[in-house]
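One structure is given below, encoded as structure tokens.
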Amino acid sequence: MHNNNKELTLSAPLSGPVLTLAKVPDAVFASGAMGDGIAIDPLNDTLYSPCAGVVIHVARTGHALTVRADNGAEILLHLGLDTVELQGEGFSMLVKEGVRVSAGQPLLRYDLDKVGRQCKSLVSLLILTNSSDFQARPITLKNVKVGEPLLHIVARQNTAVNANEQTGPEVHGHVRVAHRGGLHARPAALIRQTAQGFKSQSQLHFAGKTAPCNSLIGLMGLAVGEQDEVQVSCQGVDAQAALQALLGALSTALPEDHHVAAPVVIAPRNRPAEAGVLHGVCAAPGLVGGPLFRLNAISLPPDSGDHDPARQQQALDAALDQVRREIDGTLAQARKQRNNDEEAIFAAHLALLEDPALLDAAQQSIARGCAATHAWSQSIDVQCEVLQHTGSALLAERANDLRDLRQRVLRALLGEAWHYEVPTGAIVAAHELTPSDLLQLSAQGVAGLCMAEGGATSHVAILARGKGLPCLVAVGSTLLDQAQGLAVVLDADGGRLELKPAAERLADVRQIQLERQQRREAQQAQAHLPAHTRDGVSIEVAANVASSPEAADALANGADGVGLLRTEFLFVDRQTAPDEAEQRSAYQAVLDAMGDKSVIIRTIDVGGDKQLDYLPLPAEANPVLGLRGIRLAQARPEILDQQLRALLQTRPLHRCRILLPMVTEVDELLHIRQRVDALCIELGIAQRPEVGVMIEVPAAALLAEQLAEHADFLSIGTNDLSQYTLAMDRDHAGLAARVDSLHPALLRLIAQTCAGAAVHKRWVGVCGALASDPLATPVLIGLGVSELSVSPVQIGEIKDRVRQLDQAECQRQSRELLKLGSASAVRHACHQHWPLR
Ligand code: PEP
Ligand code: MG
């Protein structure tokens with residue numbers, strides 16, 4: 001068969017249904033410990049050579065042999081499971097060790113009935129025993145006949161790349177994978193991206209299997225679980241650096257990974273059946289009513305199999321290009337909106353779209369005359385099958401991402417407009433929806449989603465939660481038998497889809513929906529007005545932003561100002577530092593975007609775990625306890641000086657307030673104040689801008705009174721204050737539910753901060769995530785906070801909340817909360833005193 005240097009297509013040595021190794025009922029073969037490969041449940045009685053080569057080993061008991069192909073790949077052909085125990089009975093080996101064989105030559109004949117009766121299973125294996133040098137990619141998982149293409153073999157990069165990148169020793173390291181749920185699509189995409197930053201070739205080894213770090217599917221196919229130990233090997237000029245970077249990327253959980261374990265209400269499995277109700281699993285909560293709208297997936301007609309490969313390849317390339325551009329557009333949008341979930345999910349899709357395992361398999365099928373549509377579809381099916389049999393539920397759900405790409409590329413190939421006409425307010429029912437379906441459906445204003453299949457940890461579920469779209473998964477195929485347009489109630493919290501709701505029930509649900517919608521609209525309508533409590537205390541509701549377009553967005557949403565501009569956006573993801581002029585114009589753009597409102601600009605908070613390429617800092621044993629925030633000013637004073645100069649040149653300067661991160665003692669503040677004064681003199685500026693201090697370490701909260709003496713305002717960073725008070729990593733996926741800023745210890749620190757500031761008549765704001773939590777609004781106001789800096793979309797909601805409250809009452813109740821023993825007790829009490837509507 002086709003032999004292109006190191007590449008080789010193996011033909012089927014037996015006829016029968018094809019299985020992935022994972023489906024083989026033998027733990028050793030199934031785990032891949034013997035190597036990559038494939039299995040066939042044979043229907044014929046002769047084993048044929050899958051390629052030309054030399055027989056290098058024949059089992060004494062005649063049930064197995066190994067052929068070395070001309071490209072060096074060593075292929076073990078093993079007939080049946082546990083057949084060694086038959087001691088050769090029923091087998092007749094047709095070749096001897098050392099002979100040369102041609103492709104398709106008979107190698108071994110056996111008594112189908114006899115062997116079949118006596119052994120555990122006839123499932124036979126084709127295993128690539130030198131899998132560290134070669135990789136096997138299944139071509140088909142259907143029935144095959146002897147001689148049909150079965151498996152594509154390619155040399156791993158360490159044996160096939162150019163010599164330049166091969167020089168240097170191979171280095172190895174071990175590490176435990178910290179990513180929540182193991183190496184599923186997003187962490188695997190991160191590993192791939194990390195590896196691509198180096199010239200060296202890197203591979204991951206786990207449970208006897210190996211995957212090149214540049215293949216997302218290869219990485220996912222290893223089925224590495226959380227806390228599994230993997231080996232990394234890198235070879236090339238920068239092998240050591242690549243190894244360190246990969247070990248770091250594997251052992252650091254993705255911050256957004258807590259979404260994998262997002263608290264979802266799972267419908268009890270064994271609930272009694274209810275007439276007219278379908279049960280499923282809640283992937284995103286909510287209660288809505290509306291017409292059911294069924295969406296069907298694309299189905300392909302049979303393929304004639306005699307297409308012109310060049311034209312089909314061209315069509316596939318063009319379709320892939322189109323989809324790549326579409327995803328690029330989605331990514332740009334997600335970045336603009338700082339939607340991290342969306343960005344990570346679609347970045348993984350982009351990486352999947354370039355995956356060599358998918359592209360090669362499709363190319364192979366096209367070369368054999370397949371239509372591009374069928375080649376792509378089969379290539380996806382094979383990889384879905386692989387993921388679904390890894391034994392990991394999370395990876396099995398990632399097959400949904402592959403099916404998303406199948407649909408998108410098929411649509412592009414078929415020239416179908418990728419657009420559904422779904423009525424606003426509909427409840428969509430589908431076999432399974434994909435992330436890109438979800439974005440489109442959400443933009444069309446659907447009310448809810450139900451899927452026959454799917455899981456609560458899938459990407460589509462994460463996106464549904466982010467969009468506030470009620471979503472039920474795993475409802476079962478009966479869902480798809482329901483009539484188009486049927487009026488239903490989706491009670492996602494209860495895991496129920498009511499197919500025959502009484503008219504009153506439907507009306508009640510619609511009323512609840514309507515009130516929610518009206519409330520949202522009313523909040524938006526009032527968002528541009530100042531927020532006062534019922535007893536007349538003014539609370540400023542500002543926005544946290546990271547760029548000038550976001551600032552414009554915040555102003556449009558009713559922000560009273562910018563409460564926190566994180567300036568790191570200017571410094572990260574680039575090779576050289578932004579100079580003074582660039583910084584000045586970026587800060588000025590934010591001021592200009594905010595009309596006449598004030599903008600609090602925080603000085604750079606990098607260092608520790610946020611490293612900059614152009615700012616080498618020593619590696620830290622405990623990065624979050626190291627050189628970060630204002631501490632950087634001591635190590636690299638010129639960086640802060642340059643930033644202060646840029647800030648001092650913005651106009652009008654009275655609208656620009658400077659905020660210092662990670663302050664722990666008064667001297668740090670005094671030092672910066674002196675620098676600001678000196679620079680003002682140097683630049684001929686008469687009126688100094690206000691300088692505030694972030695309260696984000698317990699030391700600062702405890703010293704608030706002393707700090708307030710020299711600061712113009714204090715702004716509490718509850719994200720870091722929680723991390724340092726509770727001694728829990730704010731990005732730790734496993735602790736996500738416990739890093740709760742409503743912990744009474746935090747409330748005591750906030751109270752102490754406000755009391756300290758009051759001594760010097762300074763105002764206190766909150767710019768950490770707690771400010772965006774409406775349950776916390778009364779507590780913060782009660783403790784003495786007068787500015788809340790929130791995410792731009794929540795301005796209307798938080799202002800509305802402020803207007804419902806009485807500050808004196810908030811004060812009284814908050815004092816009581818300080819005496820409670822846990823964050824959950826505080827949350828419970830808040831729900832009692834100030835219920836959320
Ligand atoms: C905080 O720590 O609460 C804060 C606002 O700063 P950042 O999240 O940027 O560390
Ligand atoms: Mg912080």
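Every number for a ligand or one of its atoms is a count from 1 in the order of the listing. What you see is a predicted model; the values in this text were computed from it and never measured.
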Element-labelled atoms of ligand 1 that are located less than 4.0 Å from some non-hydrogen atom of G768
3 (O), 5 (C)
Which of the numbered atoms in ligand 1 are below 4.0 angstrom from a heavy atom of R566?
4 (C), 5 (C), 6 (O), 7 (P), 8 (O), 9 (O)
Test item, M694 contacting ligand 1 (heavy atom, 4.0 angstrom):
yes
For ligand 1, the portion of L564 having any non-hydrogen atom under 4.0 Å away
side chain
With respect to the Mg ion (ligand 2), what is the nearest N, O or S atom of D720?
OD2
Out of D605, V545, N544, which one pairs with R566 under the side-chain contact (heavy atoms from CB on, under 4.5 Å) rule?
N544
Is there a donor-acceptor pair closer than 3.5 Å between any side-chain N or O of D806 and the backbone N or O of E809?
yes
Looking at ligand 1, does R602 have a heavy atom less than 4.0 Å from it?
yes
Verify, without hydrogens or angle tests, whether K799 (side chain) and L529 (backbone) share a donor-acceptor contact under 3.5 angstrom.
yes
Are D720 and R628 within salt-bridge range, i.e. N to O under 4.0 Å?
yes
Purely on distance, is any nitrogen or oxygen of E568 under 3.5 Å from one on ligand 1?
no
I'd like to check the ring-ring contact (aromatic ring centres under 6.0 Å, His included) partners of F346; sequence neighbours left out, ordered by chain and number.
H349
Taking the Mg ion (ligand 2) as the reference point, name the nearest N/O/S atom of E696.
OE1
Does this structure show an ion pair linking D579 with R645, if we count only N-O contacts that are shorter than 4.0 Å?
no
